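This one's a predicted model, so the numbers in the text were calculated from it and none came from an experiment.
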Amino acid sequence: MTVVASVLRWVFLVAGAAVLAAFLVSAVRARIAGTGFGELVDLLENRWFAPGQVFFAVLAGLAGSWAAGWLGGTRPPLLESVPLLFPLGIVAAFVVRRTGGGAGGDEHEDADRDGRAFLVKLLALLAAPLLLGGVMAGW
């Protein structure tokens, strides 16, 4: 289980760093093109990831790590868990932003898209961080 936890930590660290690097390149390009700082914040929240979603995914990961610690693993301190789970939160919020819907069609397609977007949010922001947080930080 330790090997799996280490691999997951490194995978999410690299993926989170890649998302942050891609956002920084996008932000620098937009800033050079004359975009204001407020528009850059909108770009971050609408295209890359929302900070609230990152926070929620980290909290779900903490709950998973604490549940795993309660079930028999070791419960790490908060100051150790958050840096381990922060890249997981970035990747989860990025997945939600990139799969969260698009331009609409008729009402039936909008309802299907809303249901799919809710399912993606449920899986990416709650279920996956709960399970992965338990493995990455709590076992």
Side-chain angles (χ1 to χ4, degrees):
M1 193 59 96
T2 304
V3 173
V4 173
S6 294
V7 168
L8 283 173
R9 288 179 195 142
W10 279 104
V11 165
F12 281 107
L13 181 65
V14 169
V19 169
L20 284 176
F23 166 69
L24 288 175
V25 168
S26 175
V28 167
R29 286 183 179 170
R31 187 69 184 136
I32 290 172
T35 303
F37 287 111
E39 293 170 355
L40 288 177
V41 171
D42 288 341
L43 175 74
L44 168 71
E45 290 182 352
N46 293 330
R47 186 165 178 210
W48 292 96
F49 52 87
Q53 291 176 341
V54 173
F55 181 70
F56 185 79
V58 170
L59 286 180
L62 281 173
S65 71
W66 288 345
W70 182 73
L71 288 174
T74 57
R75 184 174 150 194
L78 184 65
L79 293 176
E80 225 176 87
S81 298
V82 171
L84 288 175
L85 297 171
F86 183 69
L88 170 65
I90 289 175
V91 172
F94 179 73
V95 166
V96 167
R97 278 293 169 214
R98 290 301 171 128
T99 60
D106 62 25
E107 285 185 24
H108 182 67
E109 289 177 5
D110 288 343
D112 288 344
R113 187 179 305 112
D114 289 344
R116 198 170 41 248
F118 177 74
L119 183 62
V120 167
K121 285 181 183 178
L122 184 68
L123 290 174
L125 295 178
L126 185 63
L130 270 172
L131 295 174
L132 293 173
V135 173
M136 288 171 61
W139 211 265

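Heavy-atom minimum distance, Leu125 versus Ala60: O-CB, 3.6 Å. For Pro83 against Leu78, the heavy-atom pair with the smallest separation is CD-O, 4.5 Å. Heavy-atom minimum distance, Ala27 versus Leu40: O-CD2, 3.8 Å. Minimum heavy-atom separation, Ala57 to Ala92: CB-CB, 4.0 Å. Heavy-atom minimum distance, Ser26 versus Leu43: OG-CD2, 3.7 Å.
Hydrophobic clustering (side-chain heavy atoms under 4.5 Å, transitive across Ile, Leu, Val, Met, Phe, Trp, Tyr) keeps Leu131 apart from Met136. Val96 and Leu122 fall within the same hydrophobic cluster, where Ile, Leu, Val, Met, Phe, Trp and Tyr residues are linked whenever their side-chain heavy atoms come under 4.5 Å apart, directly or through other members. When hydrophobic clusters are built by joining Ile, Leu, Val, Met, Phe, Trp and Tyr residues whose side-chain heavy atoms come closer than 4.5 Å, directly or via intermediates, Leu119 is not grouped with Leu126. No continuous path of ILVMFWY side-chain contacts below 4.5 Å connects Ile90 to Leu84, so the two sit in separate hydrophobic clusters. There is no path of hydrophobic side-chain contacts, each under 4.5 Å, that joins Leu13 to Phe94.
In this structure the side chain of Val41 never reaches within 4.5 angstrom of the side chain of Phe37, judged on heavy atoms. Here the side chains of Pro77 and Glu80 are in contact, with some heavy-atom distance below 4.5 Å. Looking at heavy atoms from C-beta onward, Leu20 lies in side-chain contact with Phe49 at the 4.5 angstrom threshold.
In this structure, CG in Leu130 is found 9.5 Å from OG in Ser65, a value given to the nearest 0.5 Å. Here the CG-CZ distance, from Leu85 to Arg9, works out to 9.0 Å after rounding to the nearest 0.5 Å. Atoms CZ and NZ, on Arg97 and Lys121 in that order, are 7.0 Å from each other to the nearest 0.5 Å. The distance from the CG atom of Leu44 to the CG atom of Leu24 is 9.5 Å, given to the nearest 0.5 Å.
Side-chain atoms of Ser6 come within 3.5 Å of backbone N or O of Thr2 as a donor-acceptor pair. The backbone N or O of Val95 lies less than 3.5 Å from a partner atom in the side chain of Thr99, making a donor-acceptor pair. A distance-only check finds no donor-acceptor pair linking the side chain of Arg98 to the backbone of Trp48 [under 3.5 Å].
Evaluation of the side-chain contact (heavy atoms from CB on, under 4.5 Å) rule for Val7 yields Val3, Val11 as partners, not counting sequence neighbours.
For CZ of Phe23, the number of neighbouring non-hydrogen atoms (other residues, nucleotides, ligands) closer than 6.0 Å is greater than 12.
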**Item:** Working for side chain to side chain contact (heavy atoms under 4.5 Å, CB included), residues Leu123 and Phe118
**Value:** CA-CA 9 Å; Leu123 290 174; Phe118 177 74; over 6 Å; no
